[in-house]
Protein chains: 2
Amino acid sequence: MQNLIPCRFHVEVEAVLKSEGLRATKQRLDIWDELSSSDKHRDIETILVDLKKKKINVSRATLYRTIDVFVKHGLLKKITLDSGKFLYEHNKKTISPKHDHIVCEDCGEIFEFYDNNISSIEKKIADDLNLRVTKRVHQLSASCNNDQCSHAKN
Amino acid sequence: MQNLIPCRFHVEVEAVLKSEGLRATKQRLDIWDELSSSDKHRDIETILVDLKKKKINVSRATLYRTIDVFVKHGLLKKITLDSGKFLYEHNKKTISPKHDHIVCEDCGEIFEFYDNNISSIEKKIADDLNLRVTKRVHQLSASCNNDQCSHAKN
DNA sequence: CTGAGTGCAAAAGATTTGCAGGCAC
DNA sequence: GTGCCTGCAAATCTTTTGCACTCAG
């Protein structure tokens with residue numbers, strides 16, 4: 001049962017799947033639709049709950065398996081929290097492909113930032129060690145300076 | 001059974017424990033001795049093995065419980081790898097208290113770096129969002145540019 | 001049709017917790 | 001002596017895996 005009006009992003013996703021020799025199954029496209037439809041940063045559990053809310057049934061195992069492929073090919077971005085937990089967000093072209101995160105530990109809100117100087121410094125450090133950066137984690141946790149942070153703790 | 005010649009760092013550790021209302025038990029001091037005796041970056045499992053080699057018996061549970069306290073008080077530094085795993089290293093005054101890591105994914109070697117400009121940029125970013133940085137993760141994974149990296153993969 | 005993909009449940013790995021006995025103070 | 005601490009094992013939590021059934025190509 002194919003979608004009658006396929007999401008235009010499916011073309012890109014199908015290309016990625018094909019490049020891995022994987023089939024474009026309903027579950028894989030459903031997962032992409034869910035993740036690409038929101039700019040939220042979500043963990044596996046939340047994504048599963050959100051899918052279930054929409055009556056889209058995808059098993060936990062399939063979600064893990066699929067997300068790995070999407071992350072590998074840059075369709076999704078995997079965020080490593082300093083707690084060791086992971087969050088995922090889509091990596092559409094409209095968003096800076098390289099950006100870091102600052103998490104407010106009072107309200108849980110996640111802000112994104114990007115600074116070119118940091119990249120330059122990182123590159124120089126790696127060069128000095130004769131290394132080439134392949135992956136990077138740069139994340140700050142912060143607390144609010146004032147009462148503007150009115151969200152609930154999470 | 002107290003150590004006859006207590007490690008001079010025990011004074012500091014005992015102060016930390018006292019500040020938390022915790023007792024200076026043999027296990028807690030043993031854990032500190034083991035971690036402070038080496039500049040290695042180790043995970044829980046490796047620390048346990050290293051303790052066992054020295055015939056020092058500390059249970060896994062006690063190690064987890066104790067390490068958390070030491071990290072909280074800055075005696076140890078917890079490193080979050082982008083795989084979500086953790087490594088620990090001691091945080092003696094002779095080492096820059098704030099430093100980041102670059103891991104060679106070919107040989108597993110961990111290099112440390114510190115750049116003041118990055119701190120400044122981070123502070124500015126947080127300031128602009130009216131936040132105050134409380135924790136930070138900044139870690140690079142890299143591969144070797146040449147054959148100098150001769151260690152075994154891990 | 002047919003092998004790749006899925007869902008389920010079991011397994012695996014990491015960390016936390018409850019509890020009975022032991023030891024620091 | 002007393003109650004905090006430890007070790008053990010069970011419990012939790014997250015992620016991976018084996019397998020029979022299903023479906024995309």
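We use all heavy atoms of the structure for the numbers below, so side chains are in, but hydrogens, waters and symmetry mates are not. Letters A, B, ... are given to chains in the order of the sequence lines, protein chains preceding strands, and every chain is numbered from 1.
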Reckon A:Arg23 has a side-chain N or O less than 4.0 Å from the OP1 or OP2 of C:dT6? no
Which other residues belong to the hydrophobic cluster containing A:Val137, where Ile, Leu, Val, Met, Phe, Trp and Tyr are joined when side-chain heavy atoms lie under 4.5 Å apart, directly or via other members? B:Val137
Interatomic distance where CD1 belongs to B:Ile31 and P belongs to D:dT6 [whole Å]: 7 Å
Could you check how far NZ of B:Lys18 sits from P of C:dA24, rounded to whole Å? 16 Å
If the cut-off is 4.0 Å, is A:Gln27 near the phosphate of C:dG7, judged by side-chain N/O to OP1 or OP2? yes
Residue list, salt bridge (Lys or Arg N to Asp or Glu O under 4.0 Å) with B:Arg23, at least two apart or on another chain: none
What is the distance from CG of A:Asp30 to P of C:dT6, rounded to the nearest Å? 11 Å
Counting just side-chain N and O atoms, does B:Thr25 come under 4.0 Å of either OP1 or OP2 of D:dT6? yes
Taking only residues two or more places apart in sequence, or in another chain, which ones meet B:His101 in a ring-ring contact (aromatic ring centres under 6.0 Å, His included)? B:His41, B:His99
Any side-chain N or O of A:Thr62 below 4.0 angstrom from OP1/OP2 of C:dG7? yes
Residues at least two apart in sequence or cross-chain that pass side chain to side chain donor-acceptor pair (under 3.5 Å) with A:Ser83, listed by chain then number, are none
What residues form a salt bridge (Lys or Arg N to Asp or Glu O under 4.0 Å) with B:Lys85, not counting sequence neighbours? none
Quick check on the helix from C:dC1-D:dG25 to C:dC25-D:dG1: what's the angle between its two end axes, five base pairs per end, to the nearest 10°? 30°
Residues touching DNA chain C, which here means a heavy atom under 4.0 Å, drawn from residues 46-58 of chain A: A:Asn57, A:Val58
Could you list the donor-acceptor pairs under 3.5 angstrom formed by side chains in residues 48-57 of chain B, with sequence neighbours left out?
from	atom 1	to	atom 2	distance (Å)
B:Asp50	OD2	B:Lys40	NZ	3.2
B:Asp50	OD2	B:Arg42	NH1	2.8
B:Lys54	NZ	B:Glu34	OE1	2.8

Atom CG of B:Leu17 to atom C1' of D:dT6: distance rounded to whole Å? 15 Å
Please state how far atom CZ in B:Arg28 lies from atom P in C:dG22, giving the value in whole angstrom units. 18 Å
Distance under 6.0 Å and angle within 45° of the ring axis: does A:Lys78 meet both against A:Phe86? yes
Pair A:Gln139-B:His138, side-chain donor/acceptor within less than 3.5 Å: no
In whole angstrom, what separates B:Ile67's CD1 from D:dC5's C1'? 17 Å
Partners of A:Thr66 by side-chain contact (heavy atoms from CB on, under 4.5 Å), sequence neighbours excluded? A:Arg28, A:Ile31, A:Thr62, A:Phe70
Quick tally for nucleotides 11-19 of chain D: nucleotides whose base has a protein heavy atom under 4.0 Å get B, sugar-phosphate-only ones S, the rest -, giving ---SBBBB-
With sequence neighbours excluded, what pairs up with B:Lys135 under the side-chain contact (heavy atoms from CB on, under 4.5 Å) test? A:Asp82, A:Glu105, A:Ser141
Considering residues at least two apart in sequence or located in another chain, which fulfil the side-chain contact (heavy atoms from CB on, under 4.5 Å) criterion with B:Ala15? none
